[in-house]
Amino acid sequence: MTTASHRTSRRERHTTRSRRDNRNGLILTAPTLVVVLLASILPLLLVIVFAFSEIRLVDIPRLGTEPIDWTLDNFRRALANPSFWQALGTTLLYSTLTMVGSVGVGLVLALALRRPFRGRGIVRALLLVPYVLPIIAAVTIWQTMLNPQYGIVNAFGREFLGWESAVGFLNTTTTEVWGVPIPLSLLVVVLFEIWTSAPLSFLFITARLQGVTPSIEEAAALDGANGFQITTRIVMPQLMGVILLLCLLRFIWTFQSFNEIYLLTEGAGGTQVMALKVYTELVTRADIGSAAAYGLLMSVVLVALLAVYVAASRRKVDVE
Amino acid sequence: MTRRRSPLAPRPAAQVGRFVLIAVALVIAIGPVLYGFLLSLRPYSAVVQNPLDVWPALGELDFSGYTSAMLDESQGGFGLGRFVLNSLLVALGTVVLSIVVSILGAYAAARLRYRGRGMVNGIILGIYLFPGIVLSVPLFVLLARAGLTGSLVGLFFVYVAATVPVAIYMMRNYFLALPESVEEAAIIDGASLPRMLRSVVLPIALPGVVATAIYVFMIAWNEYFYALLFLVQDRSLWTAPLGIAQLADFNVPVTVLLAGSIAITIPVILLFFLAQRYLVDGLTAGAEK
């Protein structure tokens, strides 16, 4: 009898708690939902509408008062435009190289700083500076370093490396190095992006390394495994999860990055990426429909790549 | 008695290699920033004549880059001081609204089991990962239609929207790390939810909230794209990043641009290092599993 009544009162308490949680949860989340609805969901719907309609900047004041002019022309023009495909290729190359470089550098640094030494805290903090630096400051500094007239890189190259003339690092589509053509400006932008983003990879991998217990490594070392074997066979497998996550995030972020390239090269020297295309269509060509279509196509490519990635990583987990 | 050598202690050669690597990494990370800082202290003509002389001679130390960057045009400067004020206004406004919204949302996400919670968390994560550039087109059109693209208010709106997802993500991690028992005790004692949030949760979560606020401030302070999109036509409304980028197109001496860049960097670096430990914990909380 007593146990039964005790049980009901507990269940009652449970249901009142869940009801209270329900109400409070919705109240607390309401402001977030308003922001998300206004600034993300509504724009997402609108970008689809715009992409399928004929609309330019001059039409903005009349927006919502006139019926929509539906069309597929924006997509037709984009897909028929060779510069669209070129920008897509550049974007893919740019994101892939940055992803590999950023995560790779972060990994090497995290491993190098794993064992404590005097001053490690300060070294860690200093390595984060390129990530914390406002983008405009980073760009100004790099543009100065690479300037053909007064930049330190060109001055050094001409003084000590025997360069015959100044190199335009930020507006050279291809240059030959020992007979091999390389996309110079694109590589410079990639290096810049690695410079600013590797610290974040470093932070994440360092955080994960703190959860790696040294006992297995000690056992392996006692069994005669060398440092390289321990790193590749014991530490790396434990880091795989965070490395894959970082690759994914870095790829997504770089795929849509605008500031770095726009500020460094304005798209010169073969660095015209998709994000710049969206901007040019919107601002320079004043064509909202076309800009929306470019943006939507960009998202479709990204979502398709993500789907492939998720499918591939699922299968890999299954096999293991 | 000698101390037993750990089986994991690396060989001396590996040790040397490791320190060389760390030294190179430090030079690459800090070198350019130091270069920019030193050039900002030199007269422009000296930089052009001797680009390799990075270290300024004592006699040529020149702080006029900073003053002429900051002073108003009427005083012979480039007006960066005004742009800094604009940035400060937008960034502080963004911090206040974004943090208030996110504290509520993050607490709900961390503690309350309400219906639809999984979906809400999923949407927030999705937005965090979604290509922002795609949304810039409709956002621009919407705000232009509302007549807000030529004002700091439009920028403020966009920054709040852009920072709420990441702020919720970070603060949720801080809230999850707090002991739940204190809150339960407060509820049993009859504290209402707003009261419990204000006098129990916030005081213990304060370091995390401050760290998140600093991160949000940094995002708003550094933002360039939307400032360019919305405000490029109205010089009096330029933010600091937009101002420096625009001045770069006007043949402003590079030492002035560097001085401006360094000046807007210093507050950010200071804030970051002040909150470094909490920031790093909040940002990387998902990585430890």
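Every chain is numbered from 1 and lettered A, B, ... according to where its sequence line falls, protein lines coming before strand lines.
The most heavy-atom pairs under 4.5 Å with chain B, out of A:Ala125, A:Pro130, A:Pro199, come from A:Ala125. Comparing B:Phe273, B:Phe140, B:Phe225 by heavy-atom pairs within less than 4.5 Å of chain A, the highest count is held by B:Phe225. In terms of non-hydrogen atom pairs under 4.5 Å with chain A, the most contact-rich of B:Leu257, B:Leu229, B:Leu228, B:Leu21 is B:Leu228. Considering only heavy-atom pairs separated by less than 4.5 Å from chain B, the leading option among A:Val123, A:Ile55, A:Ile136 is A:Ile136. Ranked by heavy-atom pairs under 4.5 Å with chain B, the list A:Ile60, A:Leu200, A:Val35, A:Leu46 is led by A:Ile60. In terms of heavy-atom pairs under 4.5 Å with chain A, the best-connected choice from B:Gly36, B:Gly105, B:Pro241 is B:Pro241. Interface check for chain A: of the options B:Ile262, B:Val160, B:Val254, the most heavy-atom pairs under 4.5 Å are formed by B:Val254. The choice from A:Ile135, A:Val283, A:Leu26 that makes the most heavy-atom pairs within less than 4.5 Å of chain B is A:Leu26. Taking A:Gly151, A:Ala155, A:Ala291, A:Ala138 one by one and counting their heavy-atom pairs under 4.5 Å with chain B, the maximum is reached by A:Ala155. Of the listed residues A:Ala198, A:Ser40, A:Ala30, A:Ala275, the one with more heavy-atom pairs under 4.5 angstrom with chain B than any other is A:Ser40.
Heavy-atom distances place the side chain of A:Leu42, and not its backbone, under 4.5 Å from chain B. With a 4.5 Å cut-off on non-hydrogen atoms, A:Leu263 touches chain B through its side chain but not through its backbone. Contact of A:Phe160 with chain B is made through the side chain alone, with heavy-atom distances under 4.5 Å. B:Tyr215 touches chain A through its side chain: at least one heavy atom from C-beta onward sits under 4.5 Å away, while N, CA, C and O do not. Heavy-atom distances place no part of B:Ala248 under 4.5 Å from chain A, backbone and side chain included. Interface remark: B:Leu197 contributes side-chain atoms only to the contact with chain A (heavy atom separation under 4.5 Å). Of the two parts of B:Ile168, only the side chain, counted from C-beta on, holds a non-hydrogen atom closer than 4.5 Å to a non-hydrogen atom of chain A. Residue A:Leu248 does not touch chain B at all, counting heavy-atom pairs closer than 4.5 Å. For A:Leu209, no part lies under 4.5 angstrom from a heavy atom of chain B. No part of A:Phe255 comes within reach of chain B, as not one of its non-hydrogen atoms sits under 4.5 angstrom from that chain. With a 4.5 angstrom heavy-atom cutoff, A:Phe50 touches chain B only via side-chain atoms. Proximity to chain A is limited to the side chain of B:Leu39, based on heavy atoms less than 4.5 angstrom apart. Heavy atoms closer than 4.5 Å to chain B are found in both the backbone and the side chain of A:Ile288. Contact annotation for A:Ile27: neither backbone nor side-chain heavy atoms come within less than 4.5 Å of a heavy atom of chain B. The contact between A:Glu159 and chain B is made entirely by side chain atoms (from C-beta outward), counting heavy-atom distances below 4.5 Å. Heavy atoms closer than 4.5 Å to chain B are found in the side chain of A:Leu109, but not in its backbone.
Between A:Leu133 and the options B:Ile264, B:Thr265, B:Val268, a side-chain contact (heavy atoms from CB on, under 4.5 Å) holds for only B:Thr265. Exactly one of B:Ile133, B:Val134, B:Leu135 qualifies for a side-chain contact (heavy atoms from CB on, under 4.5 Å) with A:Ser299. That residue is B:Val134. Among the candidates B:Ile269, B:Asn222, B:Ile244, the single residue satisfying the side-chain contact (heavy atoms from CB on, under 4.5 Å) test with A:Pro134 is B:Asn222.
Of all the heavy atoms in B:Leu142 and A:Pro43, the pair that sits closest is CD1-CG, 4.5 Å. Here the closest heavy-atom approach between residue B:Ala108 and residue A:Gly25 is recorded as CB-O, 4.0 Å. Between A:Ile141 and B:Pro32, the closest heavy-atom pair is CG2-O, 3.2 Å. When every heavy atom of A:Arg115 is checked against every heavy atom of B:Arg18, the shortest pair comes out as O-NH1, 3.7 Å.
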Pair B:Gln276, A:Leu128 - check side-chain contact (heavy atoms from CB on, under 4.5 Å), show working. CA-CA 10 Å; B:Gln276 191 199 359; A:Leu128 297 182; 3.6 Å; yes
I'd like to know whether B:Tyr44 forms a side-chain contact (heavy atoms from CB on, under 4.5 Å) with A:Tyr150, so could you lay out the CA-CA distance, the side-chain angles of the two residues, the decisive distance to 0.1 Å, and finally the verdict. CA-CA 10 Å; B:Tyr44 180 63; A:Tyr150 50 76; 3.9 Å; yes
Steps toward side-chain contact (heavy atoms from CB on, under 4.5 Å) verdict (A:Leu113, B:Ile22): CA-CA 8 Å; A:Leu113 284 162; B:Ile22 293 172; 3.9 Å; yes
side-chain contact (heavy atoms from CB on, under 4.5 Å) between B:Leu193 and A:Leu28, worked out: CA-CA 10 Å; B:Leu193 183 75; A:Leu28 292 187; 3.9 Å; yes
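Separation of atoms CD (B:Gln15) and CZ (A:Phe117) is listed at 9.5 Å; rounding is to 0.5 Å. For the atom pair OH (A:Tyr262) and OH (B:Tyr224), the distance works out to 5.0 Å, reported to the nearest 0.5 Å. Atom CG in B:Leu26 sits 5.0 Å away from atom CG in A:Leu127 (nearest 0.5 Å). Considering CG of B:Leu139 and CG of A:Leu38, their distance stands at 10.0 Å, rounded to 0.5 Å. Separating the CD1 atom in A:Ile152 from the OH atom in B:Tyr35 is a distance of 5.5 Å, to the nearest 0.5 Å.
A heavy-atom distance below 4.5 Å is not found between the side chains of A:Val36 and B:Val164.
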